[in-house]
Each structure stands twice: as C-alpha cells, then as structure tokens.
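One structure below.
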Amino acid sequence: MNLSNEAKVQIDTHHSVINNTIYKFSSSSGYARSAEDAKIRRTTANVAVTSASFDAAERGDPPKCHPDTRIAVQDSLIAWRSNRAAGPIRLISGWAGTGKTTIAQTMAEYWAKQGQLAGSFFFSRSSKERSETDWVAATILHQFLQNFGANVDVGQAAGTGWSLLLGVLAMTPPSLTQPLVIVIDGLDEVSTTDQQVSILGHILNSLDQLGSSVKFLISCRPERHLESLFNEFARQLGPSYRIQLGQSKGDKNDIRTFLRVSFDRICQDRRNDDAMSITRGSWPSQEEIEELVDRASGQFIFAATVVRFVDNETEDPVKMLNLVLGRQTSSFAAIDQLYVVILERVVETFAQNKKPLELRQLMDNLILHVNYEPSSSLTIAEFWFEQWVDINILVKLLQAVLVRNPSSHGQNSENVIQFRHKSFHDFFARPSAPNPFSLSEMNPVSKFFFSLRTHAKTAASRPGHDDCPPAIFPYEEEARRLHQACVQDTPTFRGCECLPRLEPAILDVRALRRFKPCRQSDCVASPDLLTLCRAISNPQPRTILALILQFLLWVRTGLSLGYY
C-alpha cells in the first residue's frame, strides 16, 4: 500500500510521541536511559579518581575519631546536615595535626552508612591524582551516580565539569527528602594556590543553584587566600559556618581522654611483658599526662605520634615516654621535637648493625625518596643500591612516622611507604626552622644522585623512548661511585675522583627539562656543583679549596638545591 507524504509524517510524529513517552516512563522507573546518559557515565567512570574516596583502599586505614573524643563536633555536624536552614557549608579549620582529616573521615563514614553522602574527595600532596583538581567534579559525579543515580538521566543535564555536576545534583530524586553532603578534605593539599582558589570558587558559586538539597563539609588550613574567599561569602554562609580546631578547652579534653585511654590499653597489653619496667601503680602519672596535653597545644597528631612511638613491641614503653618527656629544649615546636626524638632513637637502635654515617645515609635516602614519591621498599632499595631487608627494618623502626598503604597500581603490587602525616613533611622541608634531620642537612651528593636517576626515569617515559634500558645514562655508575665515596668521607670530598666525570650528567639533567616539565623540587643540579666539577677538572691550586669551602657553605645554608 502506498502512503502519501502527509500520512508518513503523521505516522512518524505518532511514533516519536510514543517512543518519547516510553523513554520517559522507563527512565523514571530506572530501566532505561538515553544514549547520552550512558556515554557520560562511561566517561565519568574512566576519569574518576577512585583513590580519593573516603573508603579507597589506597588510603589504607585512615584515622578516625576515638569513640570518646570529638563528640560535640560530631553531634553539631549531624544536626547541621539535617537542618535545611542551618547553612550550606561547614568549614573545619585548623593547622596541621589538629584532626581535620580525622573528623572528615569519621563523618564521611557515618553519612555513607546513613545513605546521606553524595560524594567525597580527600586531597593529598603525596599523590599526583589527589593533589590536582582536574577530575574532582567527575569523581564526585561518579560517586553520586553510583549511590543515587538509578533514576537520574545525566543526558538531560547540560555542560561539562562542574556545570554538569551541578545540573545532575539539582535533579536529586524526590525520594531523598533530607539534604545530602559532599565532603572535601585537605583543600590546602592541592598542588597550586590557583587551583585551590578555583575549586573553592566553584563550590561557593554553586550554593544558590543547589539550594538546601546538597551541603558541603570542607576542611583545610586557614591559609590567607582561602580565608579571603570564604570572607567574601560570609553573609551567605551564616555566622557559625566555621569549626575552629586546636584552640578550645574541648580540644584539650579530647586529647587528654585519648592519651589516658591509649596508655591504659598499652598497660593492659604489656603488663606481663618483660620489656615493661613498671608492673603496678598508675602509669603515666596525671602530671605526665598534663605535660603531654600542654605540649600538644591542640595538635592531635602530637598525641597520636607519642602513642605510636611508646607502643613499640620491642621497647620499654616507660623508657620511650621518658625520652619524649625528657626533651626540654624549645628550639623547635613540640611536634618537631618529638620527630627529632623518634629519629635519634632509630639511629641509636639501628647503629648496632651499621656504621653511624652509613645508617644516617640510609635513613636520609629513605626519607628523601618517600617525600618525593611514596614507593615500595623494593623500589627504594633498588633505586639506592641498598639491601631490601635494611629498608624494611628501618621502616619498622620508623612506624611512628611511616605507614604502608596499598598501591594504586593494583592488588598484586607491593604496599607503598608513605608519611603518616603532612606535619612530618613540614618537619624536615621547612627552611625557617632547620633541624639535624632536615633536607638542608642532607648529603648534597645524595640529592644530586636522586635527581639524576629521577630525571633519567622521566626521560625514559618520553614518547618514543619505551625501549630505553633503565640506565639510560652512561654516568649512572659514576654517580653511584661518587655517592658511596662521599658517604664514606662527606666533609672533605676525598675519594671523589669521579666527580669531574659527572659534569656531562649535570648538563643532561638540565636538558631533560625540555622534554617534560617538572617541579622545581625534582632537580637539584646546581650551578655551584657544576662549577665545582669544572674546578676539579681544571685544577687551579689557589681556587679549588676556596670553591669547595664555598660550595659546602652554600649547602649548609640551603640556598639553592631546589627542595625548599
């Protein structure tokens, strides 16, 4: 049967109406969505930073509030979320170690169990993925769709990035009668100030569009550029949007409770242990507890680190605590003093098996490497030509400041070694308060050797260099010899005849910057070291000693190695 053009148009229109009606019905029932929806979900899943979620395996066992602490803060946050009129943001503010991430983690877990967590992103400067903001919106969108997106058609939301996320969040299913929460932790851990301001600006500018259906819990240090942006929106945020940590009587009480409960547990576990020098009576005394509370100055990380240091199965807890309490000098902050005590104790313990200079070099190499990139003990041992077993022993001795977490490269990968807390990075990287274990005190040749091999790895990863052998530089063996020679005799550089032959390597390290941009801290090849190489290559009797002394003085003052 032949149909007229008008009849065909009517049939096509009728089919379109029917198909659209069926689509709308099936989409609202959760059985079918548009092709664009499926495409967006696939893309979002591919770029989402899975390691940034509150329950990511790569984050190991993140710290959570002790059951008897932070009760008032937790209660206030629970009440804030359920009250639509209470304001769209709660800011947990405080300096390093005051417990911001611990509270954010505890609340994220609580809201997830209650079905009230829309998404979470925990920033960390130790992870490249978690220190950038490129995929934050996609990550939160992916988490939201996994938990609440069964009846949402993402294809009907316009835009990309944050605009797409906001469009989808605005389509919150009617069945969700209570506000959802997005947890953003460690905003100050983002790699650049511009990125920090950008993502906070996105959040603050989205508040009107989201209304009271979605709220944000944000934690960060009170950095000036972030504080300025918060102040611009102060009227919209309300008078009580900030929770300030580390300054209240409640913070002291919580630290006191944590210390008492933790030490009681240690006593209970070690009471019959021959390594425990006290078997009866109260330990520690109330005076000692109060001394620790005062030293903490609101920093939970101080209390937690003391407990980990004292609770060492191979040491006498009483002796360990006395080491902490016996440090009376105040040239460092309390947490820095504690880190010095821990590292000195490791040197003392490990020195039974290694020469002091070799031991210090091993510890410097480990810390230098983990500060740059969390890595497995095998990777670190191979990089520095050290024994794998020595690295493992050292990591165990440093359990108070280092932790092993699952790798982001898969289940079969070896666990990577990381700093437990960002304050340990600050401890030895801070130029304003150098200490015996700071970067400025480390062997400059070690830092050069690390830079050389790191840049060699970068060069090998360039397109077209997939088949390069690991030792792509002919100078690597020379660098190793130099490193070992200077470990044996650091002050005078005697035995470093290979130093002149490293000049081409220094030039190559610099040249690599053309191929792949790197952070300034990646490169420690300095003009002074290059000058020293040339001076030794072309001896001039009256200038060589002066150059060496000038170079050593320059290293001591930490002017230009690029790490600080």
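Heavy-atom basis, side chains included; hydrogens, waters and symmetry copies ignored.
The side-chain contact (heavy atoms from CB on, under 4.5 Å) test applied to Gln244 returns Ser93, Arg242, Gln247, not counting sequence neighbours. Contacts of Gln116 classified as side-chain contact (heavy atoms from CB on, under 4.5 Å), with partners at least two apart in sequence or in another chain: Arg81, Trp111, Gln114.
Across all their heavy atoms, Val416 and Pro406 have their closest contact at CG2-O, 4.3 Å. The two residues Pro317 and Val310 have their closest heavy-atom pair at O-CG1, 3.5 Å. Pairing each heavy atom of His421 with each of Ala96, the nearest pair is CE1-C, 3.9 Å. Here the shortest heavy-atom pairing between Cys220 and Leu187 reads CB-CB, 3.8 Å. Contact record, Val181 with Leu117: O-CD1, 3.5 Å, taken as the closest heavy-atom pair. The shortest non-hydrogen separation linking Pro284 to Ile289 is CG-CD1, 3.9 Å.
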Derivation of the side chain to side chain contact (heavy atoms under 4.5 Å, CB included) call for Phe309 and Val324: CA-CA 9 Å; Phe309 178 61; Val324 175; 3.7 Å; yes
Candidate pair Glu315 and Arg345, rule salt bridge (Lys or Arg N to Asp or Glu O under 4.0 Å), full reasoning: CA-CA 11 Å; Glu315 300 278 11; Arg345 180 60 182 173; 2.7 Å; yes
Check against side chain to side chain contact (heavy atoms under 4.5 Å, CB included), Leu321 and Trp283: CA-CA 10 Å; Leu321 181 59; Trp283 175 85; 3.8 Å; yes
Gln146 and His142: CA distance, side-chain angles, deciding distance, side chain to side chain contact (heavy atoms under 4.5 Å, CB included) verdict: CA-CA 6 Å; Gln146 283 186 314; His142 175 62; 3.5 Å; yes
Audit row: Glu227, Arg224, salt bridge (Lys or Arg N to Asp or Glu O under 4.0 Å) steps and yes/no: CA-CA 5 Å; Glu227 291 293 298; Arg224 181 177 300 178; over 6 Å; no
Derivation of the side chain to side chain contact (heavy atoms under 4.5 Å, CB included) call for Arg256 and Glu290: CA-CA 7 Å; Arg256 184 181 294 109; Glu290 292 304 319; 2.7 Å; yes
Residues Arg265, Asp269; criterion salt bridge (Lys or Arg N to Asp or Glu O under 4.0 Å); working and verdict: CA-CA 6 Å; Arg265 175 187 56 78; Asp269 294 343; 3.6 Å; yes
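Put simply, the side chain of Gln418 never gets that close to the backbone of Val403: no donor and acceptor are under 3.5 Å apart. Without hydrogens or angle criteria, Gln195 side chain to Glu132 main chain gives no donor-acceptor distance under 3.5 Å. Between the side chain of Asn371 and the backbone N or O of Ile367, no donor-acceptor pair lies under 3.5 Å. For the pair Thr139 (side chain) and Val49 (backbone), a donor-acceptor distance under 3.5 Å is present. A donor-acceptor pair is defined here as one N or O able to donate and one able to accept, closer than 3.5 Å; such a pair exists between the side chain of Gln105 and the backbone of Phe54. Checked by atom type and distance alone, the side chain of Lys100 pairs as donor or acceptor with a backbone atom of Gly94 at under 3.5 Å. Of the possible donor and acceptor atoms, one in the side chain of Asp251 sits under 3.5 Å from a partner among the backbone N and O of Ser248. In this structure, Arg404 contributes its side chain and Gly60 its backbone to no donor-acceptor pair below 3.5 Å. A donor-acceptor pair is defined here as one N or O able to donate and one able to accept, closer than 3.5 Å; such a pair exists between the side chain of Gln74 and the backbone of Thr69. Between the side chain of Asp188 and the backbone N or O of Arg221, at least one donor-acceptor pair lies under 3.5 Å.
The aromatic rings of Phe123 and Phe121 are tilted relative to each other, their planes meeting at an angle between 30° and 60°. Ring geometry for Phe419 versus His425: interplanar angle of 30 to 60°, hence tilted.
Using a 4.0 Å cut-off between charged nitrogen and carboxylate oxygen, Glu291 and Arg295 count as a salt-bridge pair.
Contact check for Tyr110 versus Leu77: no side-chain heavy atoms found under the 4.5 Å cut-off. Residues Gln299 and Trp95 form no side-chain contact, since every pair of their non-hydrogen atoms from C-beta on lies 4.5 Å or further apart. For the pair Phe263/Leu292, a side-chain contact is recorded, criterion being any heavy-atom separation below 4.5 Å from C-beta on. At least one side-chain heavy atom of Ser76 sits less than 4.5 Å from a side-chain heavy atom of Ile243. Side-chain contact between Gln286 and Arg260: present, with at least one pair of heavy atoms (C-beta onward) separated by less than 4.5 Å. Glu58 places none of its side-chain heavy atoms less than 4.5 Å from the side chain of Arg130. Within the 4.5 Å cutoff, the side chain of Val346 has heavy atoms near those of the Leu394 side chain. Val347 is not listed as a side-chain neighbour of Leu343, based on a closest heavy-atom distance of 4.5 Å or more.
Seen from the ring of Phe122, Arg59 counts as a face-on cation partner, given the 6.0 Å and 45° thresholds.
A donor-acceptor pair shorter than 3.5 Å cannot be found between the side chains of Thr257 and Asp254.
To the nearest 0.5 Å, the span separating OG on Ser375 from CD on Glu382 amounts to 11.0 Å. The CD atom of Gln387 lies 11.5 Å from the CG atom of Asn392; values are rounded to the nearest 0.5 Å. Separation of atoms NZ (Lys422) and CD1 (Ile301) is listed at 8.5 Å; rounding is to 0.5 Å. For the atom pair CZ of Phe383 and OG of Ser376, the computed distance is 12.5 Å after rounding to the nearest 0.5 Å. Interatomic distance, CD of Gln143 versus CD1 of Ile182, reported as 9.0 Å (0.5 Å rounding). Note that CG of Asp185 is 9.5 Å distant from OG of Ser120, once rounded to the nearest 0.5 Å.
For Gln268, the CD atom sits in a loose shell: 12 or fewer heavy atoms of surrounding residues, nucleotides or ligands are nearer than 6.0 Å.
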